[in-house]
Undergrad: 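One structure, pasted below without further comment.
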Amino acid sequence: MSCRTRFAPSPTGFLHIGGARTALFCWLEARHRGGEFVLRIEDTDRERSTQASVDAILDGMNWLGLAWDEGPVFQTTRFDRYRQVAEELVAAGKAYYAYETREELDAMRARQEAAGIKPRYDGYWRDRTDPPPPDRPRVIRFRNPTVGRVAWEDRVKGRIEISNEELDDLIIWRSDEHPTYNFAVVVDDVDMRISDVIRGDDHVNNTPRQINLYEALGAPLPAFAHLPMIHGPDGAKLSKRHGAVSVMQYRDDGYLPWALLNYIVRLGWSHGDQEIFSVDEMVRLFAIGDVNHSASRFDFDKLRWVNQHWMKHDDPARIAPHLEWQLRDLGLDPAAGPNPADVVVALRDRCHTLREMAEKARVWYAEFEAYDEQALARHAGGRARECLEAAHVELARLPQADWTPVAIDAALRRAAEAVDEGLGKVAQPMRIAMTGSAVSPSIDHTVFLVGQRRALARIERLLARLPTPAR
RNA sequence: GCUCCCUUCGUCUAGUGGCCUAGGACGUCGCCCUCUCAAGGCGAAAACACGAGUUCGAAACUCGUAGGGAGCGCCA
């Protein structure tokens, strides 16, 4: 059987980090083995499912670049099929009608909990042949085996075994004519010929009853792989405060999609000591069997480091479009300044996200408002005026074709020499002239990106503000 | 309560009985480099949850204990 995996979110929210990693692992396993990856939307719960969530999930998948080969398949389009299978099971004696009301079931559960035993359906209608009572809700329950054990070799966790005595006769068809989750999943996975069910380990407990369903349907069992959870930095469940926001929030915050993938692939999976993986490498090296058993915590510091790594080591031209997106998001016009790829080169050692990069790039796309007074006080006194004047002379002299960081560096060094000072004495006032502050990338790049005309104008602007020396 | 799962530096992890005086990475700290800020280089502190057992030998295997997580719906 060739490899077919699926990612099956329910559209009741956006795609968050946990879902994204599940999707990634499903996608990687399929790609690695040359198989197919199916996207299925589990929208049987009409109350909670929304179109907005469907769109949000699709957006997230697209942004991450996790392309699916089939789907999205909506479960709501398959109700006839679920009903047909449920009725076949009844006809085959593998499922039966039951007529309890919700209130009766709640009361049964309450009694069992009070008695300190695991709440389970008592099987009242399991073997009853009396005619159906009138005016009662009717559901279909699966006739779960009562003896024996269910076991499977989980591809992540190893052998897991549970006694059938722990299971009860689950409802597969609700009184409101909807299938239930555990049933729809199995019918879909069988029909879609899913070979590897990869999902969060909150589903381990569902697996044995699903296996029984497979067997009742006479369907071949897929391999199961249950992924450990991802927690927030504090070890608690991911909440809005930390990771449980939409993956799109990571785009807004300035993370590269492939950097986010690199970070999350290492949550629970590793390949020796390697930390950095391109998407191609992940596909080549990933194997679901190498995934860890234990939950992990989301660490923003490491994500930021990985993101910077990719900003530093990728082709700037590949980063530039993402920076442009951020510039626009800040209300800046990328056309009103230098080539964004050059900005990437100047700033990538100094920031961890594209957001920070765009904010720092502001001075090249718009005039800055005011000078940093503290910077002025520290660096604009002494011989700052002479240094700036010398720099102005040298920079004005540069032919346009020589407006490069290398030539600018040489020019500023000549200026420093002319006033008999170290480069630092020229660089700091220049920095203030260029950006208004005492912090910026190396002075040659800073000046280069401002552009020649604007650079000269900015020197003049600062000179005009400095007190005229008494001659 | 019952069932299932998990447990190596603060965090992500390497480790499949001797290569472990437990390795790497993020973060932290120190030094170097330096036109600011970074980045980079070098270095440091930092972990096998606990207890028994198996074995010549255990981070690794077994059993217990503790701690954490998940599930026990006509939710998914």
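Within every chain, numbering begins at 1; the chains are lettered A, B, ... in the order of the sequence lines, protein sequences first and strands thereafter. What's counted below: heavy atoms across the whole structure, side chains too, no hydrogens, waters or symmetry copies.
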Undergrad: Checking all strands, does A:Asn206 fall into the base, sugar-phosphate, or nothing category for heavy-atom contacts under 4.0 angstrom?
TA: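 Counting heavy atoms under 4.0 Å across all strands, the contact made by A:Asn206 includes a base.
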Undergrad: Looking only at atom P, what distance separates B:rU28 and B:rC48, rounded to whole Å?
TA: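 Approximately 23 Å lies between the P atom of B:rU28 and that of B:rC48.
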Undergrad: Which residues pass the side-chain contact (heavy atoms from CB on, under 4.5 Å) test with A:Thr50, not counting sequence neighbours?
TA: A:Ala52, A:Ser53
Undergrad: Can you tell me how far P in B:rU62 sits from the matching atom in B:rC20, rounded to whole Å?
TA: 24 Å
Undergrad: For a quick check of understanding: with a heavy-atom distance under 4.0 Å over all strands, which category does A:Glu161 fall into, base, sugar-phosphate or nothing?
TA: sugar-phosphate
Undergrad: Return the 5'-most residue of the pair A:Asp201, A:Asp43 with respect to RNA chain B, ranking by each residue's nearest nucleotide.
TA: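 Checking each residue's closest nucleotide, the 5'-ward one belongs to A:Asp201.
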Undergrad: Answer yes when A:Asp80 and A:Arg83 have at least one side-chain N-carboxylate O distance shorter than 4.0 Å, and no when they do not.
TA: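 No.
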Undergrad: Under 6.0 Å from the ring centre and within 45 degrees of the ring axis: does the NZ or CZ of A:Arg461 meet both conditions for the six-membered ring of A:Tyr371?
TA: yes
Undergrad: Is the shortest side-chain N to carboxylate O distance from A:Arg6 to A:Asp188 below 4.0 Å?
TA: no
Undergrad: P atom, B:rA47 versus B:rC4: distance in rounded Å?
TA: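 So the two P atoms sit 34 Å from each other.
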Undergrad: Expressed as a whole number of angstroms, how long is the span from A:Phe300:CZ to B:rC12:P?
TA: 14 Å
Undergrad: Need one value for A:Ser270: base, sugar-phosphate or nothing, where a base atom within 4.0 Å counts as base even if backbone is also close, heavy atoms only.
TA: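 Sugar-phosphate only.
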Undergrad: Ignoring backbone atoms, establish whether A:Asn292 has a side-chain N or O less than 4.0 Å from OP1 or OP2 of B:rC12.
TA: no
Undergrad: Has A:Asp420 got more than 12 heavy atoms of other residues, nucleotides or ligands less than 6.0 Å from its CG?
TA: no
Undergrad: OP1 or OP2 of B:rG73 sitting under 4.0 Å from any side-chain N/O of A:Arg102?
TA: no
Undergrad: Between A:Glu386 and A:Arg383, does any NZ, NE, NH1 or NH2 come within less than 4.0 Å of an OD or OE carboxylate oxygen?
TA: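 A salt bridge links A:Arg383 with A:Glu386.
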Undergrad: In this structure, how many angstroms lie between the C1' atom of B:rC37 and the CG atom of A:Asp372, rounded?
TA: 13 Å
Undergrad: Taking pairing as Watson-Crick or G-U wobble with both contacts under 3.5 Å, can you name the mate of B:rG71, or confirm there isn't one?
TA: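 Pairing partner: B:rC2.
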Undergrad: Base of B:rG23, side chain of A:Asp273 - is there a donor-acceptor contact under 3.5 Å?
TA: yes
Undergrad: When the nearest nucleotide of RNA chain B is assigned to A:Gly424 and to A:Asp301 on a heavy-atom basis, which residue is associated with the more 5' position?
TA: A:Asp301
Undergrad: Categorize A:Pro208 for me: base, sugar-phosphate, or nothing, with a 4.0 angstrom heavy-atom threshold over every strand shown.
TA: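 Since no nucleic acid heavy atom lies under 4.0 Å of A:Pro208, the category is nothing.
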Undergrad: Please give, in whole Å, the distance from B:rG15 P to A:Trp269 CH2?
TA: 12 Å
Undergrad: With rounding to the closest Å, how many angstrom separate the P atoms on B:rG10 and B:rC19?
TA: 24 Å
Undergrad: With sugar-phosphate meaning primed atoms plus P, OP1 and OP2, does A:Leu170 contact a base, only sugar-phosphate, or nothing at under 4.0 Å between heavy atoms?
TA: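 No contact.
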Undergrad: Taking only N/O atoms, report every protein-nucleotides 32-34 of chain B pair under 3.5 Å with atom names and distance.
TA:
none

Undergrad: Go through the N and O atoms of the side chain of A:Glu275 and the base of B:rG24, and report whether any donor-acceptor pair is under 3.5 Å.
TA: yes
Undergrad: Within the structure shown, what part of the strands sits under 4.0 Å from A:Gly200 by heavy-atom distance: base, sugar-phosphate, or nothing?
TA: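 Contact class for A:Gly200: none.
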Undergrad: Hey, does the side chain of A:Arg297 come within less than 4.0 Å of B:rU7's phosphate (OP1/OP2), counting only N and O?
TA: no
Undergrad: With a 6.0 Å cut-off on the ring centroids, do A:Tyr121 and A:Tyr124 count as close?
TA: no
Undergrad: Considering Watson-Crick and G-U wobble pairs with both distances under 3.5 Å, what does B:rG18 pair with?
TA: B:rC56
Undergrad: Strictly by Watson-Crick or wobble contacts shorter than 3.5 Å, is anything paired with B:rC50, and which nucleotide is it?
TA: B:rG64
Undergrad: Using the P atom as the reference point in each nucleotide, state the distance between B:rG18 and B:rG51 in Å, no decimals.
TA: 23 Å
Undergrad: Side chains of A:Arg21 and A:Ser296 only: does a donor on one sit below 3.5 Å from an acceptor on the other?
TA: no
Undergrad: Could you tell me whether A:Glu113 contacts a base, only the sugar-phosphate backbone, or nothing, with contacts defined as non-hydrogen atoms closer than 4.0 Å?
TA: nothing
Undergrad: For a quick check of understanding: with a heavy-atom distance under 4.0 Å over all strands, which category does A:Thr44 fall into, base, sugar-phosphate or nothing?
TA: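 Since only primed, P, OP1 and OP2 atoms lie under 4.0 Å of A:Thr44, the category is sugar-phosphate.
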Undergrad: Pick base, sugar-phosphate or nothing for A:Pro9, based on heavy-atom distances below 4.0 Å to the nucleic acid.
TA: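 It contacts nothing in the nucleic acid.
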Undergrad: Under 4.0 Å, heavy atoms only, any strand: does A:Arg48 hit a base, just the sugar-phosphate, or nothing?
TA: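 Base, at least one base heavy atom under 4.0 Å.
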Undergrad: Heavy atoms under 4.0 Å, any strand shown: does A:Ser175 hit a base, just sugar-phosphate, or nothing?
TA: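 It contacts base atoms.
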Undergrad: In the structure shown, which nucleotide is the Watson-Crick or G-U wobble counterpart of B:rC26, with both distances under 3.5 Å?
TA: B:rG10
Undergrad: To the nearest Å, how far apart are A:Arg109 CZ and B:rC74 P?
TA: 5 Å
Undergrad: Students often get this wrong, so: under 4.0 angstrom with heavy atoms, is A:Ile171 touching a base, only sugar-phosphate, or nothing?
TA: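 Contact class for A:Ile171: base.
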Undergrad: Rounded to whole Å, how long is the line connecting atom CZ of A:Phe183 with atom C1' of B:rG73?
TA: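 Distance check: A:Phe183 CZ to B:rG73 C1' gives 18 Å.
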Undergrad: When all nucleic acid strands are considered with a 4.0 Å heavy-atom cut-off, which category describes A:Lys312: base, sugar-phosphate, or nothing?
TA: sugar-phosphate
Undergrad: I'd like the C1' distance from B:rA45 over to B:rA52, given in whole Å.
TA: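 One C1' to the other, the span is 33 Å.
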Undergrad: In whole Å, what is the span from the NZ atom of A:Lys425 to the P atom of B:rC35?
TA: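 The distance from NZ of A:Lys425 to P of B:rC35 comes to 12 Å, rounded to the nearest Å.
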Undergrad: Touch check for A:Arg431, heavy atoms < 4.0 angstrom, all strands: base, sugar-phosphate only, or nothing?
TA: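 Base contact.
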Undergrad: Can you list the residues that meet the side-chain contact (heavy atoms from CB on, under 4.5 Å) rule with A:Val187, with sequence neighbours excluded?
TA: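 Per chain and number, A:Val187 pairs via side-chain contact (heavy atoms from CB on, under 4.5 Å) with A:Arg78, A:Arg81, A:Tyr82, A:Val85, A:Phe183, A:Asp191.
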Undergrad: Taking NE2 from A:His226 and P from B:rA70, how many angstroms apart are they, rounded to a whole number?
TA: 15 Å
Undergrad: Taking atom types as modelled and ignoring hydrogens, do the side chains of A:Asp154 and A:His226 form a donor-acceptor contact shorter than 3.5 angstrom?
TA: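 Distance-only check passes for A:Asp154 and A:His226.
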